[in-house]
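Working notes, structure below.
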Amino acid sequence: MYGFAKKEYAAYGVDTEAAIAKLKDIPVSIHCWQGDDVVGLDGGGALSGGIQTTGNYPGRARNFEELKADIRKAFSLMPGKKRLNLHASYAVGATVDRDEYEPKHFAEWVKFAKELGLDGIDFNPTMFSHKNVKDGLTLSSPDEGIRNFWIEHCIACLHIAEYFADEFKNPCTVNIWIPDGFKDVPADRLTPRLRLKDSLDKILACGYDRSKVTVAVESKVFGIGVESYTVGSNEFYQNYAAKNNICCLLDNGHYHPLEYVSDKIPALLAFYDTVALHVTRGVRWDSDHVVLFEDELKEIAKEIVRNDATEKVKIGLDYFDASINRISAWVTGQRAMQKALLYALLTNHEELKALQDKADFTALMVKQEEYKTLPFGAVWKEYLRQENASEDYLSEIKKYEKEILKERK
Ligand code: RNT
Ligand code: ZN
């Protein structure tokens, strides 16, 4: 089947071997928080900040050892180059609060990531599920003490990120997301944003090493309980990032449903060296469903591949489903991302771009439709074979569920 597929693609000017080789080189940063429903290990408190996991499928990882075991199992079923995306709330054995976290609280994670042969670690300050989220606000709070606590937390995270970069000899992306906003019509939309701006200025002024740490800011349109106003909106962060030479993180659940992140990626690539992503699947809202191989994901992958931006775009995953086996959720989403990248790599973009420039939109439409029925599955199978990954990951997961997860009462 692969031999046949290879020829079919060759007729379009696509080299399947080159596509497979390229795919092996594109890192995907995999979020640790799918494993435990975003609870974390530092006892911060119940999930807050307008994000929610729904479902209570048995077997949630309840501690560091269980989470590591589940990550080990999940990652063993994921083909391709992988990074681990950690939240600060996954500090191990910390007896201090989040503003005083140090590299040593993440040393166990470094050891583990090296054991798994990962490409590196990415990082996120955790400014939710904590007593210092006051009236729903963090970096934009009118309370200076609260703002300072979170500024110190972010600075601590930047130094931990430098440590990750040193350990893996490649840069660490640190993504700043805050839940700050209001449920109902605010009296002042500007002042909270000015306070956020000032807090970010103070964080960036800490003297972190820009060659090791890529700071990103993640905007959002609304959250549950914060429907009327979000301090860190798209316009706010895009302007902040542009003026301060940091990067934007686009989460495709964070826009109005008819706005597409696939269209935003090339808009940002016109101005930025780096664009970070949280790839997710919103169903009617920012629901963080498991990523699947569907149209918008394919378009996102095309924008990365055809603009030669596989190094500029930092691909991270962000979803959390507690209603199904969490390991399967992890693997299904990561494989979907990989499929979308492979699908994009198996396209003769030069030819299609030329048709667009010639304004031959008839041929462009027909060709794009033809690609949809090329034997993509056979190339995907070959990729899995080369990566020693079985197509059937479900049986492995069912076995793990029976032997390990079911025992977690
Ligand atoms: C929330 C943001 C944020 C979180 C993670 C856990 O809407 O998407 O990225 O999902 O930090
Ligand atoms: Zn996100």
Side-chain angles (χ1 to χ4, degrees), residues 28-42 44-54 61 67 83-91 98 121-130 133 136-139 150 153-154 157 161 172-181 215-227 229-234 236-237 241 247-257 259 261 264-265 275-291 296-297 300 313-322 326 329-330 333 337:
V28 174
S29 196
I30 297 145
H31 55 315
C32 68
W33 53 91
Q34 163 59 57
D36 73 335
D37 308 343
V38 211
V39 172
L41 301 174
D42 70 353
L47 184 58
S48 74
I51 55 177
Q52 268 181 18
T53 51
T54 52
L67 187 57
R83 299 174 63 83
L84 180 63
N85 202 1
L86 287 181
H87 242 288
S89 53
Y90 291 80
R98 289 182 187 167
I121 297 183
D122 295 307
F123 205 41
N124 306 260
T126 310
M127 293 181 273
F128 50 86
S129 310
H130 190 278
V133 178
L137 304 176
T138 63
L139 292 175
W150 293 113
H153 173 56
C154 288
C157 287
C172 168
T173 301
V174 172
N175 177 49
I176 296 180
W177 174 73
I178 56 168
D180 301 32
V215 175
V217 279
E218 178 182 14
S219 75
K220 184 162 174 169
V221 65
F222 86 98
I224 295 290
V226 268
E227 288 85 355
Y229 167 78
T230 298
V231 184
S233 63
N234 181 56
F236 175 86
Y237 278 137
C247 114
C248 294
L249 183 140
L250 311 176
D251 179 313
N252 59 307
H254 288 190
Y255 299 88
H256 288 284
E259 273 186 85
V261 159
K264 297 178 191 296
I265 293 169
V275 176
L277 299 182
H278 266 181
V279 180
T280 187
R281 183 168 56 101
V283 176
R284 300 185 191 280
W285 67 288
D286 180 30
S287 60
D288 286 301
H289 277 65
V290 175
V291 169
E296 172 58 0
L297 184 69
I300 288 173
V313 179
K314 308 291 174 198
I315 306 172
L317 306 176
D318 181 15
Y319 50 84
F320 25 97
D321 192 337
R326 293 170 185 79
W330 243 327
M337 185 70 238

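Read the numbers this way: they start at 1 and go in the same order the structure lists the ligands and their atoms.
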Output yes if His254 passes the N/O/S-under-2.8 Å test against the Zn ion (ligand 2); output no otherwise. no
Would you mind naming the N, O or S atom of [X] nearest to the Zn ion (ligand 2)?
X: Asp251; result: OD2
X: Asp318; result: OD2
X: Glu218; result: OE2
X: His278; result: ND1

Using a 4.5 Å cut-off on heavy atoms from C-beta on, say whether the side chain of Phe123 contacts that of Val174. yes
Check: Tyr90 and Thr126 side chains under 4.5 Å, non-hydrogen atoms: no
Does the ring center of Phe128 lie less than 6.0 Å from the ring center of His87? yes
Any protein N/O atoms within less than 3.5 Å of an N/O atom in ligand 1? List the atom names and distances, or say none.
{"from": "ligand 1", "atom 1": "7 (O)", "to": "Lys220", "atom 2": "NZ", "distance (Å)": "2.6"}
{"from": "ligand 1", "atom 1": "7 (O)", "to": "His254", "atom 2": "NE2", "distance (Å)": "2.9"}
{"from": "ligand 1", "atom 1": "7 (O)", "to": "Asp286", "atom 2": "OD2", "distance (Å)": "3.4"}
{"from": "ligand 1", "atom 1": "8 (O)", "to": "Glu218", "atom 2": "OE2", "distance (Å)": "3.1"}
{"from": "ligand 1", "atom 1": "8 (O)", "to": "Asp251", "atom 2": "OD2", "distance (Å)": "3.0"}
{"from": "ligand 1", "atom 1": "8 (O)", "to": "His254", "atom 2": "NE2", "distance (Å)": "3.0"}
{"from": "ligand 1", "atom 1": "8 (O)", "to": "Asp318", "atom 2": "OD2", "distance (Å)": "2.9"}
{"from": "ligand 1", "atom 1": "9 (O)", "to": "Glu218", "atom 2": "OE1", "distance (Å)": "2.7"}
{"from": "ligand 1", "atom 1": "9 (O)", "to": "Glu218", "atom 2": "OE2", "distance (Å)": "3.1"}
{"from": "ligand 1", "atom 1": "9 (O)", "to": "His278", "atom 2": "ND1", "distance (Å)": "3.1"}
{"from": "ligand 1", "atom 1": "9 (O)", "to": "Asp318", "atom 2": "OD2", "distance (Å)": "3.1"}
{"from": "ligand 1", "atom 1": "10 (O)", "to": "Asp318", "atom 2": "OD1", "distance (Å)": "3.2"}
{"from": "ligand 1", "atom 1": "10 (O)", "to": "Asp318", "atom 2": "OD2", "distance (Å)": "2.8"}
{"from": "ligand 1", "atom 1": "11 (O)", "to": "His87", "atom 2": "NE2", "distance (Å)": "2.7"}

Would Asn85 and Trp33 count as a side chain to side chain donor-acceptor pair (under 3.5 Å) if you check the C-alpha gap in whole Å, the side-chain angles of each, and the deciding distance to 0.1 Å? CA-CA 8 Å; Asn85 202 1; Trp33 53 91; over 6 Å; no
Do Asp180 and Thr138 pass the side chain to side chain donor-acceptor pair (under 3.5 Å) test, and can you show the C-alpha distance, the side-chain angles, and the key distance before you say yes or no? CA-CA 6 Å; Asp180 301 32; Thr138 63; 2.7 Å; yes
Passing option when Arg326 is tested against Asp36, Asp37, Asp321 for salt bridge (charged side-chain N to carboxylate O under 4.0 Å, His left out): Asp37
Within the distance-only criterion (no hydrogens, no angle test), does the side chain of Thr173 pair as donor or acceptor with the backbone N or O of Asp122 below 3.5 angstrom? no
Determine whether Met127 and Ile176 satisfy the following criterion, side chain to side chain contact (heavy atoms under 4.5 Å, CB included), listing intermediate values before the conclusion. CA-CA 9 Å; Met127 293 181 273; Ile176 296 180; 3.8 Å; yes
